[in-house]
Amino acid sequence: KKKNPFVMVLFGGAGDLAKRKLFPALYGLYRNGFIHEHFSVIGLGRSRKGQEEYRQIVRQSVNEHFRMSVNDPEELNSFSMKFDYISLDVHDLDGYQRLREWLEIREKEVNIPVNRLFYLAISPKLFGQVSKNLKIAGLTEGNGWNRLVIEKPFGHDYESAKELNNQIRTSFAEEEIYRIDHYLGKEMVQNIQMIRFANTLFENMWNNRYISNIQITASETVGVGDRAQYYDHAGALRDMVQNHILQMVTLVAMEPPSRLKPEAIHDEKVKVLRSLRRWKNEDVLQNMIRGQYTKGFIGGQPLPSYREEEGVQNDSVNETFVSGRLLIDNFRWSGVPFYIRTGKRMYRKETVVVVQFKNVPDNLYFNKNNALEPNLLIININPKEGLSLQINAKQPGTVSEVVPIRMDFCHDSKEGLPEAYESLLHDATEGDRTYFTHWEEVALAWKFIDPIRKVWDGLDESTLSYYEAGSTGPKESDLLLKKEGFHWHDLG
Ligand code: BG6
């Protein structure tokens with residue numbers, strides 16, 4: 001693989017994301033030779049830290065969070081020597097000057113051209129200000145490339161996202177902006193395109209003539225954790241649907257791109273988001289369900305209700321669960337419901353896409369006790385990573401009894417597949433924007449979400465559904481499918 005030397009300027013350099021995801025991801029790339037040996041990371045944070053102290057944090061984080069055990073301390077040590085730390089107040093322009101001086105020295109010392117990856121692992125409130133200051137301080141000039149990597153959430157509605165985008169666009173061009181949606185870095189999410197476009201078997205049937213419905217589930221067992229302050233305002237609709245779920249919808253629904261190039265792929269994803277029917281007013285009540293967990297059990301462990309969680313208002317009507325029926329008004333998908341579902345404190349952690357095909361005529365194999373099961377293509381994204389196909393076959397020893405059988409393919413993850421951040425960081429250093437979200441995608445996703453949010457915000461508690469912690473969600477979510485003769489495939 002092509003490799004570019006670069007310096008990564010990491011805002012939030014000793015924060016949670018850096019420790020849990022970014023250091024381990026960089027380490028994975030380093031040990032596999034996927035990044036140029038001349039790379040350097042400068043961590044920035046408010047607190048003061050010595051260089052050795054910082055490198056120790058890096059080593060410890062890798063030891064704790066890398067996907068497999070690290071058994072080469074020397075290699076880890078030389079990896080950590082690539083890291084330096086500067087304390088910086090993001091509002092103080094002088095600090096940026098010091099950063100600039102440091103960068104220039106470092107770039108000369110290790111003979112790195114001016115290729116800079118600015119990674120903002122900090123509060124979204126600061127994204128605009130930091131990008132502006134980077135430009136004022138002259139940090140975005142040079143003869144190499146500059147790239148800005150930003151974490152979610154990108155705004156809390158269309159207007160705030162637009163404002164944020166305008167702010168960062170004064171310092172960086174769209175081609176320089178890498179908006180992270182970590183679901184796009186997941187191996188099996190990236191595999192959706194391959195499964196579709198590299199297989200006659202599926203691509204020919206990938207439409208409303210053969211598919212009856214599509215189900216996308218992202219369930220979690222964790223609760224709100226220590227993020228109540230953010231989550232109690234955001235809710236599951238903004239936290240999971242606006243980004244991860246809609247991204248998976250676009251990958252499942254998009255037309256084949258003309259080339260495997262980011263622009264061509266973004267164009268097709270944008271077309272899906274444009275065709276997504278926007279629910280308003282009464283339609284929201286018919287098609288979108290919001291739920292909140294009450295107390296319950298997971299794995300025998302008793303758990304509190306959402307309202308009893310620390311930091312949550314005790315009369316909060318915030319949703320911790322969303323399910324919905326989405327329609328894509330284009331030729332390929334007309335009439336095929338896309339059911340989506342996501343929630344905290346559900347029965348298990350699972351991200352899965354299920355494609356349900358229409359049944360064959362049932363005159364041959366139909367009898368009352370033996371109705372045909374549909375063909376299913378199951379794309380397991382997390383924690384299982386693989387594919388499974390459900391087909392019907394003869395029950396051995398019977399004359400005409402049909403049984404569904406599953407053909408399973410599971411990635412062998414003994415070695416540990418690269419984590420989403422590993423793949424995304426690699427792409428960012430190589431300038432491949434395929435698996436990052438384009439502004440147009442963000443904007444259209446918000447335009448779908450905003451009217452739903454508006455209706456929900458105007459409703460009182462009586463329209464909120466409840467589900468027990470450890471369950472598959474509120475019964476209203478099951479009814480949504482039942483109305484159309486379907487049910488959620490809880491696959492086990
Ligand atoms: C994040 C959300 O984007 O995704 C979290 O903010 C959620 O609330 C997480 O828990 C889920 O990611 P994953 O990779 O564990 O499915």
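These values consider heavy atoms only, across backbone and side chains, with no hydrogens, waters or symmetry-generated copies. Note that ligands are numbered from 1 as they come in the structure, with each ligand's atoms numbered from 1 the same way.
At a cut-off of 3.5 Å, with distance as the only test, no side-chain donor of Gln129 or Gln167 sits close to an acceptor on the other residue. Side-chain contact of Tyr306 with Asp232: a donor-acceptor pair under 3.5 Å is present, judged by distance alone. Asp408 and Ser388 share a donor-acceptor pair across their side chains, judged by distance under 3.5 Å alone.
Remark: aromatic rings of His244 and His182 are close, center separation under 6.0 Å.
When the options Glu174, Glu440, Glu151 are evaluated for a salt bridge (charged side-chain N to carboxylate O under 4.0 Å, His left out) with Arg179, the one that passes is Glu174.
Lys475 NZ: 12 or fewer foreign heavy atoms inside a 6.0 Å radius.
Looking at atom 1 (C) of ligand 1, its nearest protein heavy atom turns out to be His244 NE2, 3.6 Å. From the protein, the heavy atom lying nearest to atom 16 (O) of ligand 1 is Tyr183 OH, 2.4 Å.
Remark: ligand 1 and Asp239 share an N or O pair separated by less than 3.5 Å (distance only, no angle test). The shortest N/O to N/O separation between Arg227 and ligand 1 falls below 3.5 Å.
Near Lys349, with a cut-off below 4.0 Å to any heavy atom, the atoms of ligand 1 are 13 (P), 15 (O), 16 (O). Against a heavy-atom cut-off of under 4.0 Å, Glu220 is close to the following atoms of ligand 1: 7 (C), 10 (O), 11 (C). Remark: ligand 1 atoms within the under-4.0 Å shell around heavy atoms of Lys344 are 5 (C), 7 (C), 8 (O), 10 (O).
Of the candidates Glu419, His182, Lys186, His182 brings a heavy atom nearest to atom 12 (O) of ligand 1.
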